[in-house]
Amino acid sequence: MSNPKNSRFFISVLVASLFVVVISDLYPYQHTQPDSLELKIESATGDEKIILLHLLIRKNLGIDLAKANEYAEESLKYSLESSTDSLLAYSYYWLGVINYYGDQWTLSSKYYLKALENKWTQSNYGLKYKCMNNLGINNELLGNYEKSADYYYKTLNAMIELKDSSMIANAYNNLGLLLTRMEDFEQAEEKFRSALKIYQKYDYKDRIALCHQNLSIVYLYMGDFTNARTHFDDAVSYSEYLHDPQGLTVIYQDYAFGLSANARYNEALVYYNKAMELNDSTDFPITYYLICSGKGNVLFNLGRKQEAEELLLIADKGFKELSANVMLANNEVFLTNFYARYGNWNKFKERFESYMDLSKEMLKQEKIKSVSEMQVAYETEKKNQQIEFQKLEIDSQRAQIWLTSGIAVAIFAALLVVILTSRELKKKNKNLFESNMELSKRWAQMQRFYSSIEEMPNDERDNISLMSRLNKFIVEKEIYKKLDLNINFLAKELNTNSKYISKAINDEAGMNFNTYINTFRIEEAKKTLRSKETISWSLEAIAENCGFNNQTSFIHAFKKNTGLTPSAFRKAA
């Protein structure tokens, strides 16, 4: 029913909205908001300085992630020198939060694990299970569903034992999101309803709104538009009651995305417009650019070319400024599809190469983060050694022996961490490339052509040139509408050999000739089925107009390509 390429992005938006709830009501100093924290911190020393740095992290978290990261690294530096375990625990915790928002979920998880190792965290269930909950979220986003479920259930069981109703409901809610990602929608519905029941009992209106929002999303995936609309209306009502324009914006945005995933583009456009009217792009730029990206994709599917391109380019620029690489990659895919649809092959190539460069940059950043993490591990180990030495009341000669031994152990440990992390990083990079190959054979095959064109043999260079001419000829002449179209006819028109055409299509598009031609016919059929002017056309007439020899082959090809029958697609439109 839904587009699998969009599912990951859709659920990541939901997890982001949930995460706002996860970090709320946690840090003991969060309600203190001095007007001039930056000035006060200059004269602060010791633990007071660390507390002010943590406040500055919260202040910058949704506005300037790079600045928040600077404060977090500074707070960790001072926390390692402090004897206050709770402040060190929170310094690791905030680094986990920041790397989560920076799409560095693996590194984020490692900081949460550092926080969990802290003695103070182990005795403070509030921070302990918040970290475990957030580890569940990170593993969910990384696709480690079993590990994610393990963290969620550990949190749930602990909260049931502690009788913490709020955290029990949060755990149910997170499990619902995980089950939604796993497409177990009935179980997801059950978990969301369990969470909703608890939130309603204690009248947590903001979280009641969140549960209604998530139930609406599940019903959209299930194709139950009546229930989806009911829960959407409830979520809107609660957000309006709370005078929460940002929460309402996210509700409109998520609902619009769900409608778009079900090809209900006209309805989706209405709610993207409402989200855009409510959103303050200055205070919440990431939300604004997500709306631009989603709305641009909807307009693209509605055939409103100029408006779609403008919004997609705005989102592209915004995500680059915010260094939101995962969302930027998703938007680059939208732009690549856009230029392919309209036959602008130069821009198509440009966007495709941009997408691949972004993938390489994300790998590079992951390596940099790993090096940074190794440095943190070394500094922590050294600090632990220093603390241990201070407690030892021995003569200076024995202390010197311990110090020398400790440094040697720390250096050996650091080298061991470097070796093990290097191996792990190589394995992770390999898995990432393999996953990218599986996402789309076409992207991977075309990347090999474009990135190594200078080293290609002449016959392969001819394939690229031939493919460009072939695409242009088919789009401009609408040759796919020809009922008796065959590869020999195209070869004759392009003054080449049918074997060369077949090889070009196989190598660059990753499909055979019939499937390749049918992609153009299906796109034409989609436009025809959405058009009000052809509402009275029969499926047989549409099939013939698009180049199919009969209605049966048309229905089979259409369902294979879209997952819907032509009748269901027309009804959804």
Taken to the nearest 0.5 Å, the spacing of Lys559 NZ from Leu564 CG works out to 9.0 Å
Flag the pair Leu55 / Leu52 as yes when at least one side-chain heavy-atom distance between them is below 4.5 Å, and no otherwise. yes
Does anything in residues 323-341 form a salt bridge (Lys or Arg N to Asp or Glu O under 4.0 Å)? List the pairs, not counting sequence neighbours. Glu332-Arg351, Arg341-Glu523
Only counting residues at least two apart or in another chain, list the ones meeting side chain to side chain contact (heavy atoms under 4.5 Å, CB included) with Ser237. none
Between Tyr516 and Asn471, does the side-chain hydrogen bond (donor to acceptor under 3.5 Å, both in side chains) criterion hold? Intermediate values first, please. CA-CA 10 Å; Tyr516 170 71; Asn471 286 327; 2.3 Å; yes
Closest non-hydrogen contact found for Leu61 with Trp94 is CD2-CZ3, 4.3 Å
Report yes if the side chains of Asn173 and Lys191 come closer than 4.5 Å at any heavy-atom pair, otherwise no. no
Do Tyr272 and Leu299 have side chains that approach each other closer than 4.5 Å (heavy atoms only, starting at C-beta)? no
Mind checking side-chain hydrogen bond (donor to acceptor under 3.5 Å, both in side chains) for Lys571 and listing every partner two or more places apart, or none if nothing turns up? none
Is it true that the side chains of Asn561 and Asn518 contain a donor and an acceptor less than 3.5 Å apart? no
Walk me through whether Tyr93 and Tyr111 qualify under ring pair (Phe, Tyr, Trp, His ring centres under 6.0 Å). CA-CA 6 Å; Tyr93 170 79; Tyr111 280 121; over 10 Å; no
Would a distance-only check, ignoring hydrogens and angles, find a side-chain to backbone donor-acceptor pair under 3.5 Å from Asn139 to Leu135? yes
Kindly write out the residues that satisfy side-chain hydrogen bond (donor to acceptor under 3.5 Å, both in side chains) with Asp244, not counting sequence neighbours, or none if the list is empty. none
Tell me whether Arg530 contacts the main-chain N or O of Tyr265 through its side chain, where contact means a donor paired with an acceptor under 3.5 Å. no
Verify the ring-centre separation between Tyr219 and Phe225: is it less than 6.0 angstrom? no
What's the spacing between Leu312 CG and Ser293 OG if we round to 0.5 Å? 6.0 Å
What I want to find out is whether Glu350 reaches Lys347 closely enough, with some N-O distance under 4.0 Å, to be called a salt bridge. no
Under the 3.5 angstrom rule, does the side chain of Thr515 hit a backbone N or O of Met511 as a donor-acceptor pair? no
Verify whether one side chain among Gln246 and Thr287 offers a donor that lies under 3.5 Å from an acceptor in the other. yes
If the condition is side chain to side chain contact (heavy atoms under 4.5 Å, CB included), which residues does Ser108 pass it with, not counting sequence neighbours? Asn99, Tyr100, Tyr112, Asn138
What I want to check is whether the side chains of Tyr145 and Glu140 have a donor and an acceptor closer together than 3.5 Å. no
Could you state the interatomic distance from CG (Leu529) to OG (Ser567), rounded to the nearest 0.5 Å? 8.5 Å
Side chains of Leu65 and Asn60: closer than 4.5 Å at any heavy-atom pair? no
For Ala72 and Ile57, which heavy atoms make the closest approach, and how far apart are they? CA-CD1, 3.6 Å
Rounded to the nearest 0.5 Å, how far does CH2 of Trp105 lie from CG of Leu142? 6.5 Å
Using ring pair (Phe, Tyr, Trp, His ring centres under 6.0 Å) as the criterion, list what pairs up with Tyr71, not counting sequence neighbours. none
Return yes if some donor-acceptor pair links the side-chain N/O of Asn344 with the main-chain N/O of Ala340 below 3.5 Å, else return no. no
Would Lys349 and Tyr339 count as a side-chain contact (heavy atoms from CB on, under 4.5 Å) if you check the C-alpha gap in whole Å, the side-chain angles of each, and the deciding distance to 0.1 Å? CA-CA 9 Å; Lys349 178 182 175 182; Tyr339 291 123; over 6 Å; no
Quick one: do Lys481 and Glu478 make a salt bridge, cutoff under 4.0 Å? yes
Heavy-atom side-chain contact between Ile542 and Arg570 under 4.5 Å: yes
Is it true that Asn273 and Glu277 share a donor-acceptor pair across their side chains at a distance under 3.5 Å? no
Partners meeting ring pair (Phe, Tyr, Trp, His ring centres under 6.0 Å) with Phe338 (sequence neighbours left out): Phe300, Tyr342
Are there over 12 heavy-atom neighbours, none belonging to Lys320, within less than 6.0 Å of that residue's NZ? yes
Please identify each residue that fulfils side chain to side chain contact (heavy atoms under 4.5 Å, CB included) with Thr230, with sequence neighbours left out. Asp234
With the side chain counted from C-beta on, respond yes when Thr249 and Ile291 share a heavy-atom pair under 4.5 Å apart, and no when they do not. yes
How far apart are the C-alpha atoms of Leu311 and Met276, what are their side-chain angles, what is the distance that settles it, and do they pass the side-chain contact (heavy atoms from CB on, under 4.5 Å) test? CA-CA 12 Å; Leu311 285 173; Met276 191 164 279; 4.3 Å; yes
Answer yes or no: is there a donor N or O on one side and an acceptor on the other, between the side chain of Thr562 and the main chain of Phe558, under 3.5 Å? yes
Is there a side-chain contact between Ile217 and Asn214 in this structure, where contact means two heavy atoms from C-beta onward sitting under 4.5 Å apart? yes
Quick test of your reading: applying salt bridge (Lys or Arg N to Asp or Glu O under 4.0 Å), list the pairs with at least one residue in residues 289-307, sequence neighbours left out, ordered by first then second residue. Arg304-Glu307
Any side-chain donor near an acceptor of the partner, Tyr199 and Asn170, under 3.5 Å: yes
Under 4.5 Å between any side-chain heavy atoms of Phe232 and Tyr252, yes or no? yes
Please report the shortest heavy-atom distance between Ile251 and Ser239, naming the atom on each side. CD1-OG, 3.1 Å
Residues which pass ring pair (Phe, Tyr, Trp, His ring centres under 6.0 Å) with Phe192, listed by chain and number, not counting sequence neighbours: none
Determine, stepwise, if the pair Ile314 / Tyr288 fulfils side-chain contact (heavy atoms from CB on, under 4.5 Å). CA-CA 10 Å; Ile314 288 172; Tyr288 174 73; 4.2 Å; yes
Check step by step if side-chain contact (heavy atoms from CB on, under 4.5 Å) holds for Leu178 and Asp184. CA-CA 9 Å; Leu178 176 62; Asp184 189 346; over 6 Å; no
What residues, two or more places apart in sequence or in another chain, satisfy ring pair (Phe, Tyr, Trp, His ring centres under 6.0 Å) together with Tyr238? His212
Taken to the nearest 0.5 Å, the spacing of Gln104 CD from Ile98 CD1 works out to 12.5 Å
Of the non-hydrogen atoms in Leu175 and Tyr152, which two are nearest, and what is the gap between them? CD2-CB, 3.6 Å
Using the side chain to side chain contact (heavy atoms under 4.5 Å, CB included) criterion, which residues pair with Glu267? Sequence neighbours excluded. Leu259, Arg264
Is a side-chain donor or acceptor of Ser260 paired with a backbone partner of Ala256 at a separation under 3.5 angstrom? no
How close do Ser148 and Gly136 get, heavy atom to heavy atom, and via which atoms? OG-O, 2.7 Å
When you measure from the side chain of Thr534 to the backbone of Trp537, do you find a donor-acceptor pair of N or O atoms at a distance under 3.5 Å? no
